[in-house]
2 protein chains.
Amino acid sequence: MSQERMVGPLDRSIGYTLKQAATAENVAMDSELRPLGLTVSQYSCLELLRQNPGTSNAELARGAFVTRQSMNEVLRGLQERGLVARADTVAQGRARPAELTPAGQSLVVEASRAVARVEQRMISSLSESDRGRLLGDLKSLIESLS
Amino acid sequence: MSQERMVGPLDRSIGYTLKQAATAENVAMDSELRPLGLTVSQYSCLELLRQNPGTSNAELARGAFVTRQSMNEVLRGLQERGLVARADTVAQGRARPAELTPAGQSLVVEASRAVARVEQRMISSLSESDRGRLLGDLKSLIESLS
DNA sequence: TGACTCATGTCAGTATCCTGACACATAATG
DNA sequence: CATTATGTGTCAGGATACTGACATGAGTCA
């Protein structure tokens, strides 16, 4: 008779703790990126372009887990600052590939180092095998929700 | 000579995968809560009040990982909908304790069941020991960043 | 060919969350 | 007692991300 389970104590909940961890990561990244004049979203865009030059706006949006509209605005801001270049005409299709300018390239290197330090600090208390296992568990969560 | 490490491939990055998992969780929760007329933030507020009646706005904000200002707005919306009640005068101090109304109580029960189903689905592929270990690892990440 | 589907880019409007600022209440400290 | 520090509630403004909508280009299929 409607005896369905509800959410239990939050400090025992993986979902709640997952959100807490993601928030902590976001705060830590923000405090490192702010001095470089970048938001987390802007950095995400630049990092994706660093690792995969020529990515389109829609692909960047998926990679940063935001909508096309949001990424479009991010991309436009970076373009106005001369960090990213997009071809205004394209030979095939509708997607316009984006690339880093030299200025964007050197800035993302700085930012990427700062973020790498955050990640190293974040996982500093885990062993190498812990890290591999944790990565796999997180991917399991994602897979189960998809 | 500035040989500092940058962020590696994203599918090997715990930080990136953590964000991806948190986003997937948020999307799944949103799609379950939307039919009940609740946003994730509104649900978070109600769930915190369900598990800890009489919590103040500032405490709720910390528990939901948002600012006092944001939570204040959430709380006001819930109050206007008759789901939450706050004493307008208080005997001691400045904090005004909030509580669920009967309507809020029955709605949060529905919402909490829906969210519990999401969490069960999310962790369905992990064993009991996996879950305990994952929870500990996530807490380690948080602790290392604090 | 023409209709349909799908992915993309973009505009407009809205919702949500943030930072900055100020006032009030309490406790600690000189 | 006065001052300071800390925690709280709230107002104002701005930044960011979202939903909805529309047009464009490419592929599919009757």
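Naming: A, B, ... by sequence-line order, numbering from 1 per chain.
- One finds a side-chain N or O of B:S41 lying less than 4.0 angstrom from the OP1 or OP2 phosphate oxygen of C:dC17.
- Comparing atom distances between the B:A58 side chain and each of C:dG9, C:dC17, D:dT8 picks out D:dT8 as nearest.
- Two residues, A:T39 and B:D30, neighbour DNA chain D, and the one matched to the more 5' nucleotide by heavy-atom proximity is A:T39.
- The shortest distance between the side-chain N/O atoms of B:S70 and the OP1/OP2 oxygens of C:dC18 is below 4.0 Å.
- Atom pair B:L75:CG and D:dT8:P shows a separation of 14 Å (rounding to whole Å applied).
- For the OP1/OP2 pair of C:dT10 and a distance below 4.0 Å, the side-chain nitrogens and oxygens of A:R86 include at least one atom meeting the criterion.
- The CZ-P distance, from A:R96 to D:dT24, rounds to 15 Å in whole Å.
- Looking at heavy atoms from C-beta onward, B:M6 lies in side-chain contact with A:R50 at the 4.5 angstrom threshold.
- Residue B:M71 contributes atom CE, which lies 13 Å from atom P of D:dT10 at whole-angstrom precision.
- At a cut-off of 3.5 Å, with distance as the only test, no side-chain donor of B:S44 or B:E47 sits close to an acceptor on the other residue.
- With hydrogens and angles left out, the side-chain atoms of B:S127 and B:S129 include a donor and acceptor closer than 3.5 Å.
- The base of D:dG7 has none of its N or O atoms less than 3.5 Å from a complementary donor or acceptor on the side chain of B:R94.
- The phosphate of D:dT10 has OP1 or OP2 within less than 4.0 Å of a side-chain N or O from B:N72.
- As rounded to whole Å, 16 Å separates atom P of C:dA15 from atom CG of B:L78.
- Neither OP1 nor OP2 of C:dC17 sits under 4.0 Å from any side-chain N or O of B:R68.
- At the phosphate of D:dA17, neither OP1 nor OP2 sits under 4.0 Å from any side-chain N or O atom of A:T67.
- Within 4.0 Å (heavy atoms only), A:R34 reaches no atom of the nucleic acid at all.
- The shortest distance between the side-chain N/O atoms of B:Q69 and the OP1/OP2 oxygens of D:dC11 is not below 4.0 Å.
- For the pair A:E59 CD and C:dG9 C1', the computed distance is 13 Å after rounding to whole Å.
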Exercise for the section: Assess whether side-chain contact (heavy atoms from CB on, under 4.5 Å) is satisfied between A:L141 and B:I123, documenting all intermediate values. Expected result: CA-CA 6 Å; A:L141 300 186; B:I123 64 178; 3.9 Å; yes

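- One can place CZ of A:R76 at 14 Å from C1' of D:dA17, the figure rounded to the nearest angstrom.
- B:E32 has its side chain out of reach of B:V115: every pair of non-hydrogen atoms, C-beta onward, lies at least 4.5 Å apart.
- Rounded to a whole Å, the CG atom of A:N26 is 14 Å from the P atom of C:dC17.
- We find that CD of B:E73 is positioned 20 Å from P of D:dT8, with the value rounded to whole Å.
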